[in-house]
Amino acid sequence: MKNEDQARSLFGISLTDRPKWQQFLICSSGFFFGYLVNGVCEEYVYNRLKFSYGWYFTFVQGFVYLALIYLQGFTTKQMVNPWKTYVKLSAVLMGSHGLTKGSLAFLNYPAQIMFKSTKVLPVMIMGAFIPGLRRKYPLHEYISALLLVIGLILFTLADAQTSPNFSIFGVVMISGALVMDAFLGNLQEAIFTMNPDTTQTEMLFCSTVVGLPFLVVPMVLTGELFRAWTSCAEHPYVYGVLVFEAMATFVGQVSVLSLIAIFGAATTAMITTARKAVTLLLSYLIFTKPMTEQHGSGLLLIAMGIVLKMLPDSKLPSRTPKSAHREEDEKGKTQDEEKRPLV
């Protein structure tokens with residue numbers, strides 16, 4: 001893959017010269033750190049402080065991103081893609097962020113992240129239709145994704161019984177965010193694949209700059225802009241929480257883009273699912289919410305889905321050396337012979 005050979009780094013740490021497991025560990029660590037902090041902050045702001053302004057908070061977060069990118073020394077002269085490349089991507093990105101944050105006003109946080117955990121299935125399906133990717137996955141990977149969905153349903157039903165903050169409107173919002181996420185990951189991977197010189201910083205910068213205006217329309221039409229401004233003016237410490245959350249999320253976002261560039265959208269979706277499970281448990285531990293046997297059954301199925309996804313990957317390296325030797329002896333025949341057993 002071209003994008004695998006492209007020189008990449010994460011906050012000054014070179015990824016190119018490291019083995020795959022180190023690249024995975026570094027990127028995953030940055031991702032887990034950023035989004036675990038993000039999860040705790042969101043739970044605190046939405047459910048404890050009762051500030052449910054998803055569009056406005058995403059708007060504030062965007063300016064924090066731009067400030068951090070500016071401090072890193074990035075300029076538009078370093079761009080390798082035209083602005084039009086990021087228009088569709090930015091619309092999907094901001095829509096996903098706004099709907100995700102806004103849904104917390106109608107769903108409690110564990111229910112929301114369990115919905116988001118199922119995005120690996122639409123990401124896999126959508127990958128078959130995105131130009132430049134046309135991904136195809138074996139049956140067992142779809143089964144693993146289905147286990148995630150079933151686990152989600154069990155957990156969500158149990159959560160509706162134990163938590164009052166659950167409504168159909170919230171389900172509709174998070175479902176819309178889920179569809180947008182499926183497009184988002186594959187579009188990002190397509191950009192990295194078609195132009196390997198694209199950096200994580202460029203993608204985040206351009207997506208944010210182009211995407212911020214998309215947030216103004218829903219904020220004005222719903223009146224959220226004025227309500228959020230008034231509420232935050234009365235409680236200015238909320239901005240401190242938002243800035244801290246945005247800084248942590250920035251680390252997570254850049255790490256996610258690194259994972260997508262190196263390992264692909266579907267693998268990254270599985271990693272984000274694992275993170276959501278950890279965030280879920282922390283939410284119950286920190287905020288002392290009731291947990292039933294049905295919650296446990298749902299989490300068990302999700303764990304089974306993740307294990308089923310990861311198990312085949314451990315068998316792939318054993319085949320690689322053989323195929324490498326065959327390529328040196330007979331280049332043309334090897335590719336055909338390798339493809340048949342995999343199908």
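Since this is a predicted model, take the numbers as computed values, not measurements. One-based numbering along the sequence shown.
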Chi angles and distances behind the side-chain contact (heavy atoms from CB on, under 4.5 Å) call for Y65, T249: CA-CA 9 Å; Y65 283 2; T249 310; 3.0 Å; yes
Side chains of V209 and W83 in contact at under 4.5 Å (non-hydrogen atoms): yes
Joint hydrophobic cluster, L215 plus V217, side-chain heavy atoms closer than 4.5 Å: no
All side chain to side chain contact (heavy atoms under 4.5 Å, CB included) counterparts of R18, not counting sequence neighbours: I13, Q22, Q23, I26
Crowding at CE, M79 (>12 non-hydrogen neighbours, <6.0 Å): yes
Residues forming a ring-ring contact (aromatic ring centres under 6.0 Å, His included) with F205, sequence neighbours excluded: F74
Interatomic distance, F32 atom CZ to C27 atom SG [nearest 0.5 angstrom]: 12.5 Å
Pairwise distance OG1(T222) to OH(Y56) - rounded to 0.5 angstrom: 13.0 Å
Separation of L259 CG from Q188 CD (nearest 0.5 Å): 11.5 Å
Spatial distance of atom CD1 (I191) from atom CG (L257) [nearest 0.5 Å]: 10.0 Å
Backbone of P218 reached by a side-chain donor or acceptor of E224 within 3.5 Å: no
Pairwise side-chain hydrogen bond (donor to acceptor under 3.5 Å, both in side chains) hits with a residue in residues 87-96, at least two apart: S96-D181
Inter-residue atom distance L187.CG - L89.CG, 0.5 Å rounding: 6.0 Å
ring-ring contact (aromatic ring centres under 6.0 Å, His included) against F63, all qualifying residues, sequence neighbours excluded: F59
Backbone of D197 reached by a side-chain donor or acceptor of E202 within 3.5 Å: no
Gap separating the CZ atom of F183 from the CG atom of L178, nearest 0.5 angstrom: 11.5 Å
ILVMFWY cluster, V80 and I260 together (side-chain gap under 4.5 Å): no
Side-chain donor/acceptor of T85 to backbone N/O of P82, under 3.5 Å: yes
Verdict with supporting geometry, S29 and L25, side-chain contact (heavy atoms from CB on, under 4.5 Å): CA-CA 6 Å; S29 298; L25 182 62; 4.0 Å; yes
Residues, nucleotides or ligands: over 12 heavy atoms within 6.0 Å of W229 CH2: no
Among N38, I69, V64, side-chain contact (heavy atoms from CB on, under 4.5 Å) partner for F250: I69
More than 12 heavy atoms from other groups under 6.0 Å of OH on Y70: no
Shared hydrophobic cluster, F214 / L221 (ILVMFWY, side-chain heavy atoms < 4.5 Å): no
Heavy-atom pair with the smallest gap, counting every atom of L99 and M173: CB-O, 3.7 Å
Nearest non-hydrogen partners of Q61 and A246, listed with the distance: CG-CB, 3.7 Å
Counterpart residues, ring-ring contact (aromatic ring centres under 6.0 Å, His included), relative to F169 (two or more places apart): F106
Residue pairs involving residues 252-262 (criterion side-chain hydrogen bond (donor to acceptor under 3.5 Å, both in side chains); sequence neighbours excluded): Y35-Q253, H97-Q253, Q200-S258
V210 versus V87, closest heavy-atom pair with distance: CG1-CA, 3.9 Å
